[in-house]
Undergrad: 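Okay, here's the structure, questions in a sec.
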Amino acid sequence: MPNETPHSQPEPPSRGKIIAVVNQKGGVGKTTTAINLAAALALELLPTLLVDCDPQANSTGGVGLSRREDRASTYNVLVDGISAADAVLPTPVEHLSVLPASRHLIGANFELAAQEDREFRLRNALEPLRSTYRFILLDCPPSLDLLTLNALCAADGLLVPMQAEYFALEGISELMSTLDRVVAGLNPTLGLEGVLLTMFDPRTSLSQQVADNLKSFFGDKLFSTSIPRNIRLAEAPSHGLPVILYDPRSRGAEAYQELAREILKRNGVESPRAAQFAADRKSKKAEVRFWPYNR
Ligand code: ATP
Ligand code: MG
């Protein structure tokens with residue numbers, strides 16, 4: 001079990017990017033993506049925060065935290081106005097922290113309804129954390145409720161996972177028009193970070209057909225990386241681990257690392273891990289070159 005003090009973080013970024021993982025359709029891979037993308041970004045040595053905005057608290061459990069109702073959570077941040085930094089906990093992955101959810105969050109929809117700044121609670125709470133984390137990922141519930149609206153108002157970009165199945169595009173026009181309305185009225189700088197094909201099985205013609213449909217609908221906004229259907233991804237949460245710790249060599253782990261690299265490239269962010277790796281190789285090469293002269 002993680003202890004209760006957050007990991008020490010590497011170099012603080014100037015301004016972290018907030019990405020909301022959203023799709024009002026249930027079971028499309030939002031939580032799996034939020035957990036494993038966050039872990040993959042942390043593996044690149046980028047300080048990352050996973051914010052669980054879903055009363056189901058699956059992201060919280062998926063990074064090894066037990067379901068406890070007595071600790072500070074996203075609910076207390078949104079409803080009681082406690083500082084987000086005070087509710088953040090470490091995870092088994094170095095450089096990855098989590099703001100846990102609790103079941104009380106179900107009530108937040110009603111409790112916030114009468115508040116004037118109800119859509120901006122999360123945005124205001126996360127603003128001070130942008131200088132601590134390079135990426136902040138928001139795992140949203142499967143509905144377009146006030147919790148999701150808070151995530152849309154807090155985010156810079158939306159990441160929309162879509163399952164490779166026949167009804168993949170169902171409900172997507174509602175999501176896109178919600179995005180347009182949020183941009184027009186509440187968060188003008190919100191953009192579509194990308195659409196991610198999940199549970200992809202290249203052997204089936206249906207998966208391929210869905211991929212083609214999404215490509216023609218979303219163009220460049222469809223990530224080149226797709227996430228394969230992989231049993232390791234489904235097993236990892238029951239061990240309280242992201243897949244890169246549960247089975248680092250699995251296809252699921254590789255796919256989420258590839259997605260992390262694609263997102264870094266799209267955002268022009270250099271991976272400190274890649275930079276360190278390149279520097280190590282360079283110094284090794286130099287060692288080999290001079291080695292005969294050292295004898
Ligand atoms: P909800 O809408 O309930 O929050 P969700 O969109 O967060 O669901 P997940 O919980 O991530 O979806 O995934 C739904 C189920 O599918 C889970 O049991 C998960 O383990 C499984 N799953 C997700 N992605 C994959 C994958 N690529 N391969 C195999 N199983 C997967
Ligand atoms: Mg979920």
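Note that the coordinates shown come from a computational prediction; the quantities given were computed from them, not determined experimentally. Both counts, for ligands and for their atoms, begin at 1 and track the order of listing. What's counted below: heavy atoms across the whole structure, side chains too, no hydrogens, waters or symmetry copies.
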Undergrad: Which bit of Thr33 is near ligand 1, meaning a heavy atom under 4.0 Å away: side chain, backbone, both or neither?
TA: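 Answer for Thr33: neither.
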
Undergrad: For atom 4 (O) of ligand 1, what's the nearest protein heavy atom and its distance?
TA: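 For atom 4 (O) of ligand 1, the nearest protein heavy atom is Gln56 NE2, 3.3 Å.
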
Undergrad: Determine whether any protein heavy atom is located less than 4.0 Å from atom 15 (C) of ligand 1.
TA: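 Under the 4.0 Å cut-off, atom 15 (C) of ligand 1 has no protein heavy-atom neighbours at all.
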
Undergrad: For atom 5 (P) of ligand 1, find the nearest protein heavy atom and state the residue, atom name and distance (0.1 Å precision).
TA: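 Scanning the protein heavy atoms, the shortest distance from atom 5 (P) of ligand 1 goes to Lys30 N, 3.5 Å.
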
Undergrad: With the threshold set at under 4.0 angstrom, would you say Gly252 reaches ligand 1 through any of its heavy atoms?
TA: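 Judged by the 4.0 Å heavy-atom criterion, Gly252 does not count as contacting ligand 1.
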
Undergrad: Determine, counting only non-hydrogen atoms of the protein, whether one lies under 4.0 angstrom from atom 21 (C) of ligand 1.
TA: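 Under 4.0 Å from atom 21 (C) of ligand 1, zero protein heavy atoms found.
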
Undergrad: Can a non-hydrogen atom of Thr198 be found less than 4.0 Å from any atom of ligand 1?
TA: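 The answer is no: ligand 1 sits nowhere under 4.0 Å from a heavy atom of Thr198.
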
Undergrad: Note the single closest protein heavy atom to atom 27 (N) of ligand 1, along with its residue, its atom name and the distance in Å.
TA: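 Closest protein heavy atom to atom 27 (N) of ligand 1: Pro228 O, 2.9 Å.
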
Undergrad: Identify, for atom 1 (P) of ligand 1, the protein heavy atom at the shortest distance, and state residue, atom and that distance.
TA: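 Looking at atom 1 (P) of ligand 1, the protein heavy atom closest to it is Gly27 N, 3.5 Å.
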
Undergrad: Indicate yes or no: does Glu235 engage Arg232 in a salt bridge with an N to O separation below 4.0 Å.
TA: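 Yes, Glu235 and Arg232 are salt-bridged.
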
Undergrad: When you check the gap from the basic side-chain N to the acidic O, do Lys25 and Glu165 get nearer than 4.0 Å?
TA: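 Counted as a salt bridge, because a side-chain N and a carboxylate O are separated by less than 4.0 Å.
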
Undergrad: Among protein heavy atoms, which lies nearest atom 13 (O) of ligand 1, and at what distance?
TA: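 Ranking protein heavy atoms by distance from atom 13 (O) of ligand 1, first comes Thr32 OG1, 3.7 Å.
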
Undergrad: Name the closest protein heavy atom to atom 30 (N) of ligand 1, giving the residue it belongs to and the distance to 0.1 Å.
TA: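 Among all protein heavy atoms, the one nearest atom 30 (N) of ligand 1 is Ala234 CB, 3.8 Å.
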
Undergrad: With rounding to the nearest 0.5 Å, note down the distance linking CD1 in Ile19 to CG in Leu37.
TA: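 These two atoms lie 6.5 Å from each other.
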
Undergrad: Would you check whether Leu233 reaches within less than 4.0 Å of ligand 1, judged by its heavy atoms?
TA: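 Judged by the 4.0 Å heavy-atom criterion, Leu233 does count as contacting ligand 1.
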
Undergrad: What protein heavy atom is closest to atom 10 (O) of ligand 1, reported as residue, atom name and distance in Å?
TA: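 For atom 10 (O) of ligand 1, the nearest protein heavy atom comes out as Thr31 CB, 4.0 Å.
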
